[in-house]
Amino acid sequence: MTQPNPVVVKALQQALVDLTDLSLQAKQAHWNIAGSGFRSLHLHLDEIVDEVRLAADDVAERMTAIQAIPDGRAATVAADSQVEPIDGGVLPTDKATVMIQERLEGVANRIKATLDEVDEYDHLSNDMLIGIATGLEKHAWMLRVSAEEQA
């Protein structure tokens, strides 16, 4: 058995902790939004959470498949996530929309920054990360359009 490439492992592990944190933040927003457009944002946040959780699971399972050890423990996520923390308390829908949009874009951009290097060693992991970043960007676009409509 060959050892997993450290470049690939590092990119996947960072994606795992960022996606895990992003899913928790989106759920936090889902529970605490209030204001105009509540229902549509509430439902969209559930869609985002579901997709991001699935993406995190795919990343962790890919890590296991290449014989890396995924670490999604709360302490690891808290220490290593590069996702900016979300505000606590009640979140106005317009503010929550922008906050989650920015976090989706940030995670997508960090994943995209690893693609060329990951592709040198592992085309399959790279392809998976491309799909994840694409999905995150799609949701960010939907939130951006929603925010523009509210303005």
Side-chain angles (χ1 to χ4, degrees), residues 8-66 68-119 122 124-151:
V8 176
V9 173
K10 180 180 177 184
L12 292 174
Q13 179 61 36
Q14 188 62 57
L16 176 61
V17 296
D18 282 357
L19 290 165
T20 301
D21 193 12
L22 179 61
S23 72
L24 293 169
Q25 289 192 33
K27 198 58 159 174
Q28 178 71 17
H30 167 86
W31 292 326
N32 290 290
I33 58 169
S36 177
F38 166 83
R39 180 160 172 74
S40 63
L41 181 57
H42 187 75
L43 295 173
H44 190 190
L45 288 169
D46 262 344
E47 292 172 16
I48 291 169
V49 169
D50 289 346
E51 186 170 323
V52 173
R53 284 181 178 165
L54 180 60
D57 191 52
D58 288 346
V59 169
E61 289 175 353
R62 178 66 186 157
M63 290 180 75
T64 302
I66 64 170
I69 299 173
D71 189 350
R73 296 173 297 162
T76 302
V77 172
D80 296 345
S81 175
Q82 295 179 18
V83 181
E84 184 178 338
I86 194 168
D87 293 343
V90 175
L91 296 170
T93 51
D94 58 341
K95 184 176 182 179
T97 298
V98 172
M99 290 174 78
I100 299 301
Q101 173 208 327
E102 290 172 348
R103 283 148 185 80
L104 286 161
E105 289 170 345
V107 175
N109 288 337
R110 281 189 294 282
I111 289 172
K112 291 187 308 184
T114 69
L115 294 178
D116 289 340
E117 201 169 24
V118 169
D119 198 39
D122 185 346
L124 298 178
S125 293
N126 194 63
D127 186 57
M128 180 191 62
L129 290 171
I130 289 170
I132 291 168
T134 301
L136 296 174
E137 286 185 341
K138 178 188 78 174
H139 284 293
W141 159 70
M142 290 179 177
L143 290 174
R144 188 172 46 255
V145 170
S146 178
E148 290 168 0
E149 288 176 351
Q150 291 176 355

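Legend: residues meeting side chain to side chain contact (heavy atoms under 4.5 Å, CB included) with D57, ordered by chain and number and at least two apart, are E61. With sequence neighbours excluded, the residues that form a side chain to side chain contact (heavy atoms under 4.5 Å, CB included) with L124 are R62, D122. Listed by chain and residue number, Q28 satisfy the side chain to side chain contact (heavy atoms under 4.5 Å, CB included) test with N32 (two or more places apart in sequence, or in another chain). Residues meeting the side chain to side chain contact (heavy atoms under 4.5 Å, CB included) test with S40, sequence neighbours left out: none. Taking D18 as the reference, R110 meet the salt bridge (charged side-chain N to carboxylate O under 4.0 Å, His left out) condition, with sequence neighbours excluded. In this view, E105 and R144 satisfy the salt bridge (charged side-chain N to carboxylate O under 4.0 Å, His left out) rule, not counting sequence neighbours.
Listed for the Q25 side chain is a donor-acceptor partner under 3.5 Å among the backbone atoms of E84. Judged purely by atom type and a 3.5 angstrom limit, T93 has no side-chain atom pairing as donor or acceptor with the backbone of F38. No donor-acceptor distance shorter than 3.5 angstrom exists from the side chain of Q101 to the backbone of V145, with no hydrogens or angles considered.
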side-chain contact (heavy atoms from CB on, under 4.5 Å) between E117 and K10, worked out: CA-CA 11 Å; E117 201 169 24; K10 180 180 177 184; over 6 Å; no
Test log, rule side-chain contact (heavy atoms from CB on, under 4.5 Å), inputs L136 and L19: CA-CA 10 Å; L136 296 174; L19 290 165; 4.1 Å; yes
T20 vs T76, side-chain contact (heavy atoms from CB on, under 4.5 Å): CA-CA, chis, key distance, verdict: CA-CA 10 Å; T20 301; T76 302; over 6 Å; no
side-chain contact (heavy atoms from CB on, under 4.5 Å) evaluation trace for R103 with M99: CA-CA 6 Å; R103 283 148 185 80; M99 290 174 78; 3.4 Å; yes
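Tested against I132, the residues D127, V107, L54, I111 include a single side-chain contact (heavy atoms from CB on, under 4.5 Å) partner, I111.
A 6.0 Å sphere centred on CD of Q82 holds more than 12 heavy atoms belonging to other residues, nucleotides or ligands. Atom NZ of K95 has 12 or fewer neighbouring heavy atoms from other residues, nucleotides or ligands inside a 6.0 Å radius.
Residues V9 and M63 meet the side-chain proximity criterion, which asks for heavy atoms closer than 4.5 Å. Contact annotation: the side chain of M128 approaches that of L12 to within less than 4.5 Å [non-hydrogen atoms, C-beta and beyond]. Side-chain contact check for V17 versus V83: every heavy-atom pair is 4.5 Å or farther apart. Proximity of D94 to S36: side-chain heavy atoms (C-beta onward) are nowhere separated by under 4.5 Å.
Using the six-membered ring where Trp is involved, H30 and H42 have ring planes that are parallel, under 30° apart on the 30 and 60° scheme.
A distance of 11.0 Å separates CG in D21 from CG in L16, rounded to the nearest 0.5 Å.
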